[in-house]
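Working notes, beginning with the structure itself.
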Amino acid sequence: MMQNKKETKFLYLLSNRALNFTFSLSAFIILVLDQLSKYFISLKPEEYFPVTIIPKILYITRVTNSGASFGMFQNKTNVLIVISIIAIILIIVLKVKLNIKSFFYNLALGFILGGAIGNLIDRFLYGEVTDFLHLVYFAVFNVADSFIVIGFGIIILIIIRSYIKKDFLFKNK
């Protein structure tokens with residue numbers, strides 16, 4: 001059955017709205033989870049920590065970090081705020097300009113945006129970020145960091161999948 005132009009345009013707009021909703025909702029949920037988790041961690045006295053989640057693997061602790069990942073750029077809060085704002089703008093530009101019609105791409109960008117805003121809020125208000133998930137032999141991080149990494153992981157998988165699909169199509173011609 002052939003669709004007329006009005007039906008096609010309606011489905012296109014509906015699709016865009018659903019993807020925009022996915023992007024916005026995922027960013028909002030990650031932002032709220034990040035801020036709430038940091039808030040509740042900050043309520044506990046220092047002697048409460050560490051809390052064992054998985055012995056010798058995962059603990060809940062509380063540390064503040066005035067730098068970026070793995071302790072880089074310590075006490076460079078203003079630089080990190082500027083970098084965060086630029087990253088947030090780039091995420092929004094990627095969303096709007098590329099307009100990729102993929103649920104997982106929009107979900108991933110929302111994860112990255114929510115995490116970036118969460119850490120930006122901490123840097124702006126407190127001059128540092130609260131980290132509390134301690135993965136032994138790796139790092140101490142937070143919900144925002146986790147979803148930034150998960151979001152980038154999803155985007156990398158999308159790119160790899162797209163490359164494999166494209167390579168497969170070209171080989172079979």
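- Counting only residues at least two apart or in different chains, side chain to side chain donor-acceptor pair (under 3.5 Å) contacts with residues 76-86 are absent.
- Here the side chains of Glu128 and Asp122 are not in contact, with every heavy-atom distance at 4.5 Å or above.
- Placement of Val149 and Leu94 in two distinct hydrophobic clusters is found when ILVMFWY residues are connected by side-chain heavy-atom separations under 4.5 Å, directly or transitively.
- Considering Leu135, Val129, Ile148, Asn65 as possible partners of Phe141, the one that fulfils the side chain to side chain contact (heavy atoms under 4.5 Å, CB included) test is Leu135.
- By the 4.5 Å heavy-atom criterion applied to side chains, Leu133 and Ser146 are counted as neighbours.
- Taking CG of Asp34 as the reference point, atom CD1 of Ile29 lies at 13.5 Å (rounded to 0.5 Å).
- Both Ile60 and Phe138 are assigned to one and the same hydrophobic cluster, defined by single-linkage of ILVMFWY side chains at heavy-atom distances under 4.5 Å.
- Taking OH of Tyr126 as the start and OG of Ser42 as the end, the distance is 7.0 Å to the nearest 0.5 Å.
- Once rounded to the nearest 0.5 Å, the distance linking NE2 of His134 with CD1 of Ile57 reads 12.0 Å.
- Residue Tyr48 is grouped with residue Phe132 when hydrophobic side chains (ILVMFWY) are merged at heavy-atom distances under 4.5 angstrom, including chains of intermediate members.
- A search for side-chain contact (heavy atoms from CB on, under 4.5 Å) contacts involving Val96 returns Ile92, not counting sequence neighbours.
- Taking Val63 as the reference, Asp131, Val140 meet the side-chain contact (heavy atoms from CB on, under 4.5 Å) condition, with sequence neighbours excluded.
- Val143 and Phe49 fall within a single hydrophobic cluster, where Ile, Leu, Val, Met, Phe, Trp and Tyr are joined by side-chain heavy atoms under 4.5 Å apart, directly or via other members.
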Decide yes or no on side-chain contact (heavy atoms from CB on, under 4.5 Å) for Asn16 and Asn99, but give the supporting numbers first. CA-CA 8 Å; Asn16 269 348; Asn99 198 22; 3.5 Å; yes
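- In terms of hydrophobic clustering, with Ile, Leu, Val, Met, Phe, Trp and Tyr side chains grouped at heavy-atom distances under 4.5 Å, Phe103 and Ile150 are assigned to a common cluster.
- When all heavy atoms are compared, the tightest approach of Ser15 to Lys101 is OG-CD, 3.9 Å.
- Residue Leu157 shares its hydrophobic cluster (ILVMFWY side chains chained together at separations under 4.5 Å) with no other residue.
- At least one donor-acceptor pair under 3.5 Å links the side chain of Ser37 to the backbone N or O of Leu33.
- Heavy-atom neighbours of Phe104 CZ from other residues, nucleotides or ligands within 6.0 Å: at or below the threshold of 12.
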Would you give me the side-chain donor-acceptor pairs under 3.5 Å for residues 105-117, sequence neighbours excluded?
residue	atom	partner	partner atom	Å
Asn106	OD1	Lys95	NZ	2.7
Asn106	ND2	Ile100	O	3.0
Asn106	ND2	Ser102	O	2.8

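- For Ile89, the side-chain contact (heavy atoms from CB on, under 4.5 Å) criterion is met by Ile85, Val93, not counting sequence neighbours.
- We find the CZ-CD1 distance between Phe147 and Ile154 to be 9.0 Å, quoted to the nearest 0.5 Å.
- Tyr59 places none of its side-chain heavy atoms less than 4.5 Å from the side chain of Ile53.
- Applying the side-chain contact (heavy atoms from CB on, under 4.5 Å) criterion to Phe124, with sequence neighbours excluded, gives Ile81.
- In the hydrophobic clustering, where aliphatic and aromatic side chains (Ile, Leu, Val, Met, Phe, Trp, Tyr) are joined below 4.5 Å either directly or transitively, Tyr39 groups with Phe28, Val32, Leu36, Phe40, Leu43.
- With sequence neighbours left out, Asn119 forms a side-chain hydrogen bond (donor to acceptor under 3.5 Å, both in side chains) with Lys38, Asn142, Asp145.
- Within the 4.5 Å cutoff, side-chain heavy atoms of Ile121 are placed close to those of Gln35.
- In this structure Arg62 satisfies the side-chain hydrogen bond (donor to acceptor under 3.5 Å, both in side chains) test together with Glu46, sequence neighbours excluded.
- Atoms CG and CG, from Leu31 and Leu120 in turn, are 10.0 Å apart once rounded to the nearest 0.5 Å.
- Side chain of Ser24 to main chain of Phe21: no donor-acceptor pair is present (N/O by atom type, distance under 3.5 Å, no hydrogens or angles).
- Looking at residues two or more places apart in sequence or on another chain, you find no side-chain hydrogen bond (donor to acceptor under 3.5 Å, both in side chains) involving Glu47.
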